[in-house]
Amino acid sequence: MWACGAWRGALSGAAGGRRAHSALAQLRGILEGELEGIRGAGTWKSERVITSRQGPHIHVDGVSGGILNFCANNYLGLSSHPEVIQAGLQALQEFGAGLSSVRFICGTQSIHKNLEAKLARFHQREDAILYPSCFDANAGLFEALLTPEDAVLSDELNHASIIDGIRLCKAHKYRYRHLDVADLEAKLQEAQKHRLRLVATDGAFSMDGDIAPLQEICRLASRYGALVFVDECHATGFLGPTGRGTDELLGVMDQVTIINSTLGKALGGAAGGYTTGPGPLVSLLRQRARPYLFSNSLPPAVVGCASKALDLLMDSSTIVQSMAAKTQRFRSKMQAAGFTVSGASHPICPVMLGDARLASRMADDMLKRGIFVIGFSYPVVPKGKARIRVQISAVHSEEDIDRCVEAFVEVGRLHGALP
């Protein structure tokens with residue numbers, strides 16, 4: 001009997017193993033089909049490996065010589081600033097590599113509280129709360145704040161993190177056409193039946209380089225009793241006279257209720273995000289925001305770097321003021337050459353090409369000429385609107401910008417993008 005049972009068990013185990021193998025084979029087939037579809041559409045995203053510090057001049061694995069980098073979010077050039085690096089080293093030595101904890105257990109250090117206070121002062125808000133990323137800040141906000149009694153009204157081209165964050169909440173969802181304040185007003189009229197109404201928009205849209213009409217949005221919010229939320233990831237540190245962002249640029253700092261932004265772009269470029277706004281809101285997020293409650297604290301070195309970057313920015317706005325002239329130089333030269341550059345006056349300069357393969361091939365040929373840029377295509381941008389997104393940094397020289405334009409002209413003619 002035992003032998004018979006063992007035999008049956010062996011057969012059962014073998015059958016289970018075959019089923020598991022069959023399931024894995026099925027999964028592999030499905031995944032390979034998906035991957036082949038991405039390759040066939042010309043939207044495959046390869047990762048180039050940088051072998052140096054981040055900055056305007058970098059080294060790339062497999063490419064000889066120095067490369068000019070025109071696709072980093074390193075707007076102020078602080079990612080490798082010596083004082084920022086030193087502050088990170090000091091925080092690492094004094095506070096350790098990490099906390100091995102979430103904030104509410106044993107993961108809050110004095111440097112976390114100091115940076116939160118500094119961010120609130122910088123944005124002229126009551127309080128601030130740190131997250132591992134701004135994606136997490138967006139994931140945590142809407143679910144914690146909004147209920148089925150409320151409504152959120154979102155620009156159709158908002159960042160994926162805003163879209164995903166809104167999906168997590170139970171509020172009624174309205175989507176208005178990109179930058180279309182008339183459509184927003186119609187949606188606000190429709191949403192009057194709800195308890196709270198929150199208008200959610202990027203301040204500067206990362207793929208198009210255009211800026212939300214915050215003056216009109218705030219005017220409508222006031223008329224219809226709504227709150228205004230702005231994601232400032234591509235504005236904090238360099239838009240506005242002192243780099244406070246689009247609300248400063250457009251003179252509505254006292255009318256925007258909530259700001260989410262990042263430490264991973266202009267403010268040192270390492271990692272981290274935050275929400276800043278009314279004190280009771282920040283207190284509620286500490287109690288209910290799931291990415292905050294269930295994620296480890298930001299590493300001390302990251303906090304130290306970001307804090308020093310913020311100090312440098314608040315001490316002087318000179319670096320902010322240099323951005324406009326450099327951005328205008330690139331945009332005007334590219335447009336004079338015959339390229340279409342989306343947006344206006346923002347250091348994000350999308351060179352519109354339309355075709356995904358064309359954008360990818362031109363970006364590859366730009367690298368051969370010593371210029372690091374990346375082609376963007378679906379699903380990052382809509383189908384038929386592929387582009388190469390160029391990003392100007394305060395530490396690019398005029399010679400760097402001119403060299404980039406010259407390479408674009410040469411490659412554009414090679415691929416028929418220019419006559």
Trainee: Look at the side chain of Ser297 and the backbone N and O of Gly107, then say whether any donor-acceptor pair between them is shorter than 3.5 Å.
Mentor: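 Checking the backbone N and O of Gly107 against the side chain of Ser297, a donor-acceptor pair under 3.5 Å is found.
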Trainee: For Phe229 and Phe142, I'd like to know if the aromatic rings sit close, meaning centre-to-centre distance below 6.0 Å.
Mentor: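 Yes: the rings meet the under 6.0 Å criterion.
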Trainee: Starting from the C-alpha separation in whole Å, work towards a yes-or-no answer on side-chain contact (heavy atoms from CB on, under 4.5 Å) for Leu153 and Leu198.
Mentor: CA-CA 6 Å; Leu153 303 95; Leu198 178 66; 6.0 Å; no
Trainee: Would you mind checking if Lys326 and Asp400 are paired as a salt bridge, meaning a charged N to carboxylate O distance below 4.0 Å?
Mentor: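 No salt bridge links Asp400 with Lys326.
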Trainee: Would you say the side-chain atoms of Asn114 and Ser110 include a donor-acceptor pair closer than 3.5 Å?
Mentor: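 No, because no side-chain N or O of Asn114 sits under 3.5 Å from a partner of the opposite role on Ser110.
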Trainee: Is the shortest distance from a Lys or Arg side-chain nitrogen in Asp155 or Arg175 to a carboxylate oxygen in the other one below 4.0 Å?
Mentor: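 So Asp155 does not pair with Arg175 through a salt bridge.
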Trainee: Hey, what do you get for SG (Cys305) to CG (Leu115), rounding to the nearest 0.5 Å?
Mentor: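 So the gap between those two atoms works out to 11.0 Å.
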Trainee: Could you tell me if Gln255 and Ser222 have a donor-acceptor pair between their side chains, going purely by distance under 3.5 Å?
Mentor: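 Note: Ser222 and Gln255 side chains miss the donor-acceptor criterion.
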Trainee: Verify the ring-centre separation between Phe372 and Phe70: is it less than 6.0 angstrom?
Mentor: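 That pair fails the under 6.0 Å test.
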Trainee: Quick check against the 3.5 Å criterion: does Thr236 have a side-chain atom that pairs as donor or acceptor with the backbone of Cys233?
Mentor: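 No, because the side chain of Thr236 does not come within donor-acceptor range (under 3.5 Å) of the backbone of Cys233.
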Trainee: When you look at Thr242 and Glu248, which way does the side-chain hydrogen bond (donor to acceptor under 3.5 Å, both in side chains) test go after all the steps?
Mentor: CA-CA 8 Å; Thr242 62; Glu248 182 190 41; 2.5 Å; yes
Trainee: Quick check for you: to the nearest 0.5 Å, what is the distance between Gln189 atom CD and Leu184 atom CG?
Mentor: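 These two atoms lie 10.0 Å from each other.
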Trainee: Distance-only, no hydrogens or angles: does the Glu126 side chain make a donor-acceptor pair with backbone N or O of Gly279 under 3.5 Å?
Mentor: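 Indeed, once roles are kept as given, a pair shorter than 3.5 Å links the two residues.
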Trainee: Verify, without hydrogens or angle tests, whether His112 (side chain) and Gln109 (backbone) share a donor-acceptor contact under 3.5 angstrom.
Mentor: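 Yes, His112 side chain to Gln109 backbone: donor-acceptor pair under 3.5 Å.
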Trainee: Roughly how far, to the nearest 0.5 Å, is the CG atom of Leu141 from the CG atom of Asp136?
Mentor: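 CG of Leu141 is found 12.5 Å from CG of Asp136.
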Trainee: Taking Ile163's backbone N and O only, do any of them form a donor-acceptor pair with Asn158's side chain (distance below 3.5 Å, no angle check)?
Mentor: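 No, because the side chain of Asn158 does not come within donor-acceptor range (under 3.5 Å) of the backbone of Ile163.
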Trainee: Any Lys/Arg nitrogen of Arg48 or Asp364 sitting under 4.0 Å from an Asp/Glu carboxylate oxygen of the other?
Mentor: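 Here Arg48 pairs with Asp364 in a salt bridge, since their nearest N and O are under 4.0 Å apart.
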Trainee: Would His159 and Phe205 count as a ring-ring contact (aromatic ring centres under 6.0 Å, His included) if you check the C-alpha gap in whole Å, the side-chain angles of each, and the deciding distance to 0.1 Å?
Mentor: CA-CA 8 Å; His159 190 268; Phe205 290 82; over 10 Å; no
Trainee: Thinking salt bridges, do Glu36 and Arg39 make one under a 4.0 Å N-O criterion?
Mentor: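 Here Glu36 pairs with Arg39 in a salt bridge, since their nearest N and O are under 4.0 Å apart.
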Trainee: Can you find a pair of side-chain heavy atoms, one from Tyr292 and one from Leu285, that are under 4.5 Å apart?
Mentor: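 No, side chains not in contact.
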Trainee: When you measure from the centre of the six-membered ring of Tyr378, is the NZ or CZ of Lys383 closer than 6.0 Å and no more than 45° off the axis?
Mentor: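 Because its charged atom sits under 6.0 Å from the ring centre and within 45° of the axis, Lys383 does stack over Tyr378.
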Trainee: Do Ser360 side-chain atoms and Gly375 backbone N/O form a donor-acceptor pair below 3.5 Å?
Mentor: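 Not at all, since once roles are kept as given, no pair shorter than 3.5 Å links the two residues.
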Trainee: A side-chain contact here means heavy atoms from C-beta on lying under 4.5 Å apart; do Tyr75 and Met323 qualify?
Mentor: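 When only atoms from C-beta onward are counted, Met323 and Tyr75 do touch, with a gap below 4.5 Å.
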Trainee: For atom OH of Tyr224, is the number of surrounding heavy atoms from other residues, nucleotides or ligands below 6.0 Å larger than 12?
Mentor: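 Yes, because the 6.0 Å sphere around OH of Tyr224 holds more than 12 heavy atoms from other groups.
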Trainee: Got a donor-acceptor contact below 3.5 angstrom from the Arg389 side chain to the Val373 backbone?
Mentor: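 Side chain of Arg389 to backbone of Val373, a donor-acceptor pair under 3.5 Å: no, none is there.
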Trainee: Regarding Asp61 and Thr51, is there a side-chain donor-to-acceptor distance under 3.5 Å anywhere?
Mentor: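 No, because no side-chain N or O of Asp61 sits under 3.5 Å from a partner of the opposite role on Thr51.
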Trainee: Find the distance between SG (Cys134) and CD1 (Ile259) and round it off to the nearest 0.5 Å.
Mentor: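 Result: 11.0 Å between the selected atoms.
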Trainee: For a side-chain hydrogen bond (donor to acceptor under 3.5 Å, both in side chains) with Asn69, tell me which candidate from His396, His57, Gln54 qualifies.
Mentor: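 Among the candidates, only Gln54 passes.
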Trainee: Do side-chain atoms of Asp355 reach the backbone of Ala359 as a donor and acceptor pair under 3.5 angstrom?
Mentor: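 The answer is no, because no donor-acceptor pair under 3.5 Å joins these two groups.
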Trainee: Take atom NZ of Lys113 as the centre, draw a 6.0 Å sphere, and report whether it contains more than 12 heavy atoms from other residues, nucleotides or ligands.
Mentor: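 Count over threshold, so yes.
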Trainee: Verify the distance criterion only: is there a donor paired with an acceptor across the side chains of Asp164 and Ser161 at less than 3.5 Å?
Mentor: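 No donor-acceptor contact under 3.5 Å links the two side chains.
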Trainee: Can you tell me if Lys45 has over 12 outside heavy atoms packed within less than 6.0 Å of its NZ?
Mentor: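 For Lys45, atom NZ is crowded (more than 12 foreign heavy atoms under 6.0 Å).
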Trainee: Is there a side-chain contact between Leu227 and Ile258 (heavy atoms, below 4.5 Å)?
Mentor: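 No, every pair of side-chain atoms sits at 4.5 Å or beyond.
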Trainee: Would you check if the side chain of Thr201 reaches a backbone N or O of Gly203 as a donor-acceptor pair within less than 3.5 Å?
Mentor: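 The answer is no, because no donor-acceptor pair under 3.5 Å joins these two groups.
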Trainee: Regarding Asp208 and His346, do their side chains bring together a donor and an acceptor under 3.5 Å, going by distance alone?
Mentor: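 The answer is no; no qualifying pair exists.
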Trainee: Is the closest side-chain donor-acceptor distance between Asp365 and His415 under 3.5 Å?
Mentor: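 A pair is found: one side chain offers a donor N or O, the other an acceptor, under 3.5 Å apart.
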Trainee: Can Asp150 and His194 be counted as having a side-chain donor-acceptor contact under 3.5 angstrom?
Mentor: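 No pair is found: no donor N or O on one side chain lies under 3.5 Å from an acceptor on the other.
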Trainee: Report yes if some heavy atom in the side chain of Asp202 is under 4.5 Å from a heavy atom in the side chain of Val230; otherwise report no.
Mentor: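 Counting from C-beta outward, Asp202 and Val230 never come under 4.5 Å.
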Trainee: Go through Thr276 and Leu119 one step at a time and tell me if the side-chain contact (heavy atoms from CB on, under 4.5 Å) criterion holds.
Mentor: CA-CA 7 Å; Thr276 185; Leu119 287 165; 5.7 Å; no
Trainee: Applying side-chain contact (heavy atoms from CB on, under 4.5 Å) to Ser261 and Tyr274, what does each step give before you reach the verdict?
Mentor: CA-CA 6 Å; Ser261 195; Tyr274 58 91; 3.4 Å; yes
Trainee: Assess whether atom CZ of Arg403 is packed by more than 12 heavy atoms of other residues, nucleotides or ligands within 6.0 Å.
Mentor: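 Counting neighbours around CZ of Arg403, more than 12 heavy atoms of other residues, nucleotides or ligands fall under 6.0 Å, so yes.
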Trainee: Looking at Asp247 and Arg125, is any side-chain nitrogen of the basic one under 4.0 Å from a carboxylate oxygen of the acidic one?
Mentor: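 A salt bridge is present here (some side-chain N lies under 4.0 Å from a carboxylate O).
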Trainee: Can you check whether Arg329's main-chain N or O pairs, donor with acceptor, with Arg331's side chain at less than 3.5 Å?
Mentor: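 No, the answer is negative, given that no donor and acceptor are paired below the 3.5 Å cut-off.
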Trainee: Quick one: do Glu232 and Arg244 make a salt bridge, cutoff under 4.0 Å?
Mentor: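 Judged by the 4.0 Å cut-off on N to carboxylate O distance, Glu232 and Arg244 do not form a salt bridge.
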Trainee: For the residue pair Lys308 and Leu312, establish whether any side-chain heavy-atom pair is separated by less than 4.5 Å.
Mentor: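 Contact flag for Lys308/Leu312 side chains = yes.
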Trainee: Give the minimum heavy-atom separation between Ser377 and Ala386, together with the two atoms involved.
Mentor: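 Of all heavy-atom pairs spanning Ser377 and Ala386, the closest is CB-CB, 4.2 Å.
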Trainee: Determine, for Glu116 against Arg286, whether the closest basic-nitrogen to carboxylate-oxygen distance falls under 4.0 angstrom.
Mentor: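 Arg286 and Glu116: salt-bridged.
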Trainee: Count the heavy atoms belonging to other residues, nucleotides or ligands that lie under 6.0 Å from CZ of Arg53, then report whether that count exceeds 12.
Mentor: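 Atom CZ in Arg53 is not packed in, count stays at 12 or less.
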Trainee: Between Ser307 and Lys118, do the side chains contain a donor N or O and an acceptor N or O under 3.5 Å apart?
Mentor: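 The answer is yes; a qualifying pair exists.
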Trainee: Do Pro132 and Asn296 have side chains that approach each other closer than 4.5 Å (heavy atoms only, starting at C-beta)?
Mentor: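 Sidechains of Asn296 and Pro132: no contact.
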Trainee: What do you reckon, is CD of Gln90 surrounded by more than 12 foreign heavy atoms closer than 6.0 Å?
Mentor: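 No, not enclosed.
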Trainee: CG of Asp183 to CG of Leu188: how many Å apart, nearest 0.5 Å?
Mentor: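 Here the interatomic distance stands at 10.0 Å.
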Trainee: Taking C-beta and beyond as the side chain, do Arg288 and Glu143 meet within less than 4.5 Å on heavy atoms?
Mentor: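 No, side chains not in contact.
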Trainee: Please check if atom CD in Glu398 has more than 12 non-hydrogen atoms from other residues, nucleotides or ligands closer than 6.0 Å.
Mentor: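 No, the 6.0 Å shell around CD holds no more than 12 heavy atoms from other groups.
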Trainee: Could you grab the distance from atom CG of Asp210 to atom CG of Leu157, nearest 0.5 Å is fine?
Mentor: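 Reported value, rounded in 0.5 Å steps: 7.5 Å.
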Trainee: Step by step, work out the side-chain contact (heavy atoms from CB on, under 4.5 Å) result for Val411 and Met362.
Mentor: CA-CA 6 Å; Val411 171; Met362 282 185 60; 3.8 Å; yes
Trainee: Find out whether Thr147 and Lys170 are in side-chain contact, i.e. whether some heavy atom of one side chain is under 4.5 Å from a heavy atom of the other.
Mentor: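 Not in contact.
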Trainee: Establish, from distance only, whether the side-chain atoms of Asp231 and Asn260 form a donor-acceptor pair under 3.5 Å.
Mentor: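 Note: Asp231 and Asn260 side chains miss the donor-acceptor criterion.
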